[in-house]
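Written out below as structure tokens is the structure these notes cover.
As the structure is a prediction and not an experimental result, all values here were calculated from the model.
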Amino acid sequence: MPVRTRSSTVWLFSLACNPVVLVNILRILYLVKMVWLNELNNMKISFGRLKLASLALCFVVLSIASAAFVPKGHSSPGIFKITLMVPGNANPARQSWSLVVQSELQNLGIDAGRVLLDFNTIIDRVIQPTDPNIVGKTYDNGGWDTLFIGNALGIDPDPAILYNSTNFAPSGSNYNLWNNSQADHLGTLIDQTVDKPTRLNYVRQWQALAQNATPSATILYTKEIVAFTPKLTNGQYVFQTYHFPYWPPIEQLSSSADSTIVLDQTGGPPANLIPELSSSYYDTTVSGVIFGSLAQRNDTIFKTMLPQLASGTVQSPGWSVAADGKTWTVTLRQGVTWHDGQPFDANDVKFTFDSIFDSTLKPPVQSFYQSIIGSAGNVQVIDPYTVKFVLPNPYAYFVENILGGTAILPKHILNPTLVPYANWRTNVFNTGKPSTPCTSACAGPVGIGPYKWDHYDSTTQTAYLIRNDNYLDFPVNGGPELRLRGEFTVKNYAAKTLSGSDAAITDITTGAVDVLDSQYHLETQQSFLSTWGSSKLAVYDAYGIQEMGFNMKHPILGTGVDTPLGKQDPTKAALAAQFVRQAISHAIPRQLIIDQLLYGYGKPGITSAVTPATDGFNTALVPDNFNLTKSRELLQKAGYFPTTPTPPSFWDAYGVYIAGALVAAVVAVSALFVVRTRRRSGFATIGGTTPPPSPTSSPPP
């Protein structure tokens, strides 16, 4: 039977009437528009007609391209429905790749909706649900289905913190609610195995299991950039060496004597200044320099543990463990005072751990501490400067995660007889916001760290701190040691919340601020990077990931009871859900996201909790490739597409790459047009004083 061609008029009319084509055009156009406007704003151009002309060019080019590759042969749309949740103040790149993933899922026939929510709502629904009745519920029932989010991880590979079933949200960090006995067993072996080679072998086994089970589809491992002004003479070294989880390293900086440093951060303002109550990276920009711990990580390169509030030296620290591997004795440094001048002793340490275990306070770290320490009774005061920890089992990362990961709190201020646990979250100590506004020396958190709380300005969303000139002496990073190195010169430190990289770039180029936090994702701001100069940038492979997390209680994505296979054979329901998660993972074009949206900054992700920067990373594993044929095969295993799926169309196989190439081409052509126009009009490239519209961005959590 001969194949008939259609006239161009009929062809165009049919395309215009085809909703699938229009949806694809609009999706890709939106992505291109975001990239183009980002470039345009970077160059500080205000040509309204130029924008319209360039967007029209994008529309024409992409409409033709989309029309040429109309997706055909798909299954009926809506084989199941899910909602993709994205932080509404997220970085623009993350919003863009969530659109790309949404498009690919819809190409598979999945009814994938997408919502933008503010980060506090995401915390309430997913990370730390305040309503116990919504834990594990679907998005339509007040919970969630999938979540695009970033995680700023620790240095040591301890996946139990994030994924063991004993650490379920809201009292733990396992927001996915993944319950896998084999993963739990490996996580426990990792925690309890002191021999490092054996422990790291368990880490590699855990990572292989996690990739197969896919509780999260890890999109990428982050490469971050911090921008700073020339007044920070050692800024590049410091920010590359002391990035998160040692953040912010303000006391390590060298500048003129008694200088003032302002840091812009895209998330916040601080929600919980008591570290034990916080799940937000942005709280650490303030609390990280206020409080101290028994031990401190030297840096993120050599990773040496220093005795801070514990006594001793690097070679002979004030902690020791008995032959049983479970009983730790910690001797405290004497003569240390809190910011208000009151003495520090063992009662503060005991009080801090008691609060973590309190059932009324129930901080998000509680489950983790219970799994390691057992109960508050296992922390004992031996004398005013000695504390004993009696663990139920050995814990390989006790010094790193317990001694070094617990901010010690002042008992003389937060004693529950003075401030009941039920009031901690709303108390000015935690919020920094007194009932009566003040401009200096306001009530707020009191710690032992290098900087003291001064006040919070709600108008500018800025937290102000002042140097603690009585900062204690301890090896390497104590106050006297810092001064000997010519550091600790910043007297006044301010952390300001400012959403959007464009506004932040204006701040730093005009001298309004001195540091831009890495979460502005400056890798998307290529014009700024080239103009600002590499000597004023710190670039590093971070201990962080971007992921698409799955609700492991979801009837399709988690338990699988509502999948066709799960209904047919309930014993295979969990396996069916795993097939669905794997199918979604194969629908994520990781390399394209990194190349086209992040300009090469990042590496394709395999699993969360273990990254290339951590010990024990399994180099034998490879990321799930972008393969819609594989996705269809996996969905078929779950019972969808009951017949042999139609081979993928040209658009399915290559459309996302074509879209990426068109994005790059249109931006390049438009940029050339901009340059020519600018030469005629005489506008400056960077440094305009009027900030452009500010897209917002959000944390990792």
Side-chain angles (χ1 to χ4, degrees), residues 234 237-238 241-242 245-255 257-259 261 275 286-320 328-352 382-387 399-400 402-413 445-454 465-493:
N234 64 343
Y237 169 78
V238 167
T241 307
Y242 296 93
Y246 189 126
W247 182 260
I250 304 301
E251 74 276 15
Q252 303 283 342
L253 294 170
S254 296
S255 62
D258 295 340
S259 60
I261 294 297
V286 177
S287 63
V289 293
I290 291 178
F291 295 96
S293 302
L294 297 174
Q296 182 192 80
R297 183 89 61 170
N298 180 33
D299 53 49
T300 52
I301 296 178
F302 301 106
K303 308 173 185 178
T304 307
M305 295 306 299
L306 310 173
Q308 187 181 28
L309 294 176
S311 65
T313 65
V314 176
Q315 295 74 23
S316 181
W319 55 74
S320 60
W328 288 82
T329 301
V330 182
T331 303
L332 306 181
R333 201 172 295 280
Q334 300 187 31
V336 177
T337 60
W338 294 94
H339 290 160
D340 62 1
Q342 293 298 308
F344 156 81
D345 62 22
N347 290 312
D348 294 306
V349 178
K350 169 63 174 171
F351 163 73
T352 299
I382 305 303
D383 61 46
Y385 294 100
T386 307
V387 180
V399 175
E400 293 84 352
I402 301 300
L403 300 186
T406 308
I408 303 303
L409 305 174
K411 181 179 180 179
H412 68 281
I413 296 177
V446 173
I448 282 175
Y451 286 86
K452 301 184 291 185
W453 178 261
D454 190 70
L465 287 78
I466 189 168
R467 187 175 58 209
N468 174 20
D469 288 328
N470 294 319
Y471 187 39
L472 75 157
D473 186 9
F474 66 96
V476 183
N477 288 338
E481 288 76 8
L482 293 169
R483 292 186 179 92
L484 285 174
R485 297 200 298 265
E487 300 169 353
F488 206 21
T489 56
V490 175
K491 181 176 183 179
N492 300 294
Y493 165 55

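Under the salt bridge (charged side-chain N to carboxylate O under 4.0 Å, His left out) criterion, the residue pairs touching residues 289-300 are Asp156-Arg297, with sequence neighbours excluded.
Applying the salt bridge (charged side-chain N to carboxylate O under 4.0 Å, His left out) criterion to Lys491, with sequence neighbours excluded, gives no partner residue. Among residues two or more places apart in sequence or in another chain, the salt bridge (charged side-chain N to carboxylate O under 4.0 Å, His left out) test is passed with Glu400 by none. Applying the side chain to side chain contact (heavy atoms under 4.5 Å, CB included) criterion to Gln334, with sequence neighbours excluded, gives Tyr385. Not counting sequence neighbours, the partners of Arg467 by the salt bridge (charged side-chain N to carboxylate O under 4.0 Å, His left out) test are Asp258, Asp469. For the side chain to side chain contact (heavy atoms under 4.5 Å, CB included) test, residues two or more places apart in sequence or in another chain that qualify with Ser293 are Gln308. With sequence neighbours excluded, the residues forming a ring pair (Phe, Tyr, Trp, His ring centres under 6.0 Å) with Phe351 are Trp424, listed by chain and number. With sequence neighbours left out, Tyr246 forms a ring pair (Phe, Tyr, Trp, His ring centres under 6.0 Å) with Tyr242. Scanning for side-chain hydrogen bond (donor to acceptor under 3.5 Å, both in side chains) contacts around Ser311 gives an empty result, with sequence neighbours left out. Shown here are the side chain to side chain contact (heavy atoms under 4.5 Å, CB included) partners of Asn470, two or more places apart in sequence or in another chain: Asn468. The ring pair (Phe, Tyr, Trp, His ring centres under 6.0 Å) search around Trp328 returns Phe398, not counting sequence neighbours. Looking at residues two or more places apart in sequence or on another chain, you find no ring pair (Phe, Tyr, Trp, His ring centres under 6.0 Å) involving Tyr493.
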Next item on the list: Any chance you could lay out the side-chain contact (heavy atoms from CB on, under 4.5 Å) test for Asp345 and Leu332, step after step, and finish with the verdict?
Entry: CA-CA 7 Å; Asp345 62 22; Leu332 306 181; 5.5 Å; no
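A distance of 7.5 Å separates CG of Leu472 from CD1 of Ile448, quoted to the nearest 0.5 Å.
Of the possible donor and acceptor atoms, one in the side chain of His339 sits under 3.5 Å from a partner among the backbone N and O of Gly449. Of the possible donor and acceptor atoms, one in the side chain of Asn234 sits under 3.5 Å from a partner among the backbone N and O of Ser254. Remark: side-chain polar atoms of Ser316 are not paired, donor with acceptor, to backbone N or O of Gly312 under 3.5 angstrom.
Side-chain contact annotation: Ser255 with Thr489, donor-acceptor N/O pair under 3.5 Å present.
Put simply, the side chain of Leu465 does not reach to within 4.5 Å of the side chain of Asp454, judged on heavy atoms. Residues Leu482 and Arg485 are in side-chain contact: their nearest non-hydrogen atoms beyond the backbone lie under 4.5 Å apart. Looking at Pro307 and Trp319, their side chains come closer than 4.5 Å, going by heavy atoms from C-beta outward.
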